[in-house]
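See structure below.
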There are 2 protein chains.
Amino acid sequence: MFTVSAKTQYAIRAMTCLAKMEGRYATSLEIAQAENIPAKYLEGIMRRLKVAGLVDSERGKKGGYRMVLDPSAIKMLDIVEAIEGRIKPVTCVDKAELCSMGAACLPRRFWVGLKAAIDGYLAEHTLKDVAEG
Amino acid sequence: MFTVSAKTQYAIRAMTCLAKMEGRYATSLEIAQAENIPAKYLEGIMRRLKVAGLVDSERGKKGGYRMVLDPSAIKMLDIVEAIEGRIKPVTCVDKAELCSMGAACLPRRFWVGLKAAIDGYLAEHTLKDVAEG
DNA sequence: CTATATTCCTATTAAACCGATAGGAATAAT
DNA sequence: ATTATTCCTATCGGTTTAATAGGAATATAG
Ligand code: FES
Ligand code: FES
């Protein structure tokens, strides 16, 4: 339970890889080979990281992806949310009106608290922390 | 991401329902109707809760399930683990030898910490807390 | 002893999700 | 023009999940 998808694990490995490049471009293929990730699959992942503003990209020859932020400024939560979207232990944490039991839904506070605990942990660790172990 | 399965949510609702019964027996069907859970599906869930020692059961007429512990003594982690087994954000948190990157696996500490954060939250909230909101 | 109500067990189904692949369009350098 | 890359969409096979089905074991009631 609460397993982290391969996609997210790949994203984290790719980001640690890019972090070592200190702003230089690396292609999707290079990262895939360095980190042992299916190349074509990684393409989609890198695109999501870009949409989230965590990396920058350039097309064509000499293109690739590069890190635009300092690894210490990238929260692990940023990476996770870039890939998976907002964390929702149950669908109703965002929309109380979905609660089958109405406004008096008892477990709701519990789930909201769980989300806060997970978000909290992920937000207080940066890519730099993880890349350095 | 980190979504809680329907099975676990059902289990929690069923436990809060039983908690209100103060030790009296309730049948699987009664709980299902009270909590709006597919009856036949709930049977398997109740059985797991029993195996975990969280409830007691009696077969035949007048049978059913009953709470044997004080709700304040039941950690939410107990319920979650009864249904889902140990929480593992990544498979290698339990077995470091599985780490694709060997002993020097950098993200490992991060995942172990995440598990600790989730387990911690779930262990410091009891069924009583949740049942009362 | 029979009928009934329940837990208990196993198998099966339908749908959703996930990891991965395929094929190509757009774009930039050579 | 050729080549190398990001970008986009579709699809496939496998796994998981929610739910159902059917019945064996067991206890109570009459
Ligand atoms: S119904 Fe899920 S928190 Fe209310
Ligand atoms: S390979 Fe997963 S934590 Fe090491």
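Because only heavy atoms are used, hydrogens play no part in the values below, and waters and symmetry mates are left out as well, while side chains stay in. No experiment lies behind these values; they were computed from the predicted model shown. Chain identifiers are assigned alphabetically (A, B, ...) following the order of the sequence lines, protein sequences preceding nucleic acid strands; residue numbering begins at 1 within each chain.
- Nucleic acid contact for A:Y25: none, since no nucleic acid atom lies under 4.0 Å from a heavy atom of the residue.
- Nucleotide D:dT15 holds its P atom 18 Å from the NZ atom of A:K7, rounded to whole Å.
- Formation of a donor-acceptor pair under 3.5 Å by the B:E35 side chain with backbone atoms of B:Y10 is not found in this model.
- B:E58 comes within 4.0 angstrom of the backbone, heavy atoms only, and of no base.
- Atom OH in A:Y41 sits about 18 Å away from atom P in D:dC12, given to the nearest Å.
- Rounded to a whole Å, the NZ atom of B:K50 is 12 Å from the P atom of D:dT26.
- Taking atom CZ of B:R47 as the reference point, atom C1' of D:dA25 lies 12 Å away to the nearest angstrom.
- Each of B:E30 and B:V51 has a nearest nucleotide on DNA chain C; the 5'-most of these lies closest to B:E30.
- Applying the salt bridge (charged side-chain N to carboxylate O under 4.0 Å, His left out) definition to pairs two or more places apart or across chains, those involving residues 67-93 of chain B are B:R86-B:D94, B:K88-B:D94.
- Between B:K61 atom NZ and D:dT28 atom C1' there is a gap of 6 Å when expressed in whole angstrom units.
- The salt bridge (charged side-chain N to carboxylate O under 4.0 Å, His left out) check on B:E43 picks up B:K40, with sequence neighbours excluded.
- Contacts classified as side chain to side chain donor-acceptor pair (under 3.5 Å) and involving residues 118-133 of chain B (residues at least two apart or in different chains) are given here: B:K115-B:D119, B:T126-B:D129.
- Sorted pairs that involve residues 19-40 of chain A and meet ring-ring contact (aromatic ring centres under 6.0 Å, His included), not counting sequence neighbours, are lacking altogether.
- Within 4.0 Å (heavy atoms only), B:G64 reaches sugar-phosphate atoms of the nucleic acid but no base atom.
- Checked against salt bridge (charged side-chain N to carboxylate O under 4.0 Å, His left out), B:R66 has the following partners two or more places apart in sequence or in another chain: B:D56.
- For the pair B:Y10 OH and D:dT20 C1', the computed distance is 13 Å after rounding to whole Å.
- Test B:I45, B:V55, B:V68 against B:K50 for side chain to side chain contact (heavy atoms under 4.5 Å, CB included) and you get one pass: B:V55.
- Using a 4.0 Å heavy-atom distance criterion, A:K40 is classed as a base contact.
- Counting to the nearest Å, the C1' atom of D:dT26 and the CD atom of B:E43 are 14 Å from each other.
- In summary, contact between chain B and DNA chain C, defined as any nucleotide atom under 4.0 Å from a heavy atom of the protein, begins and ends at C:dT4 to C:dT10 in the 5' to 3' direction.
- Here D:dA19 presents its P atom at 10 Å from CD1 of B:I37, a figure rounded to the nearest Å.
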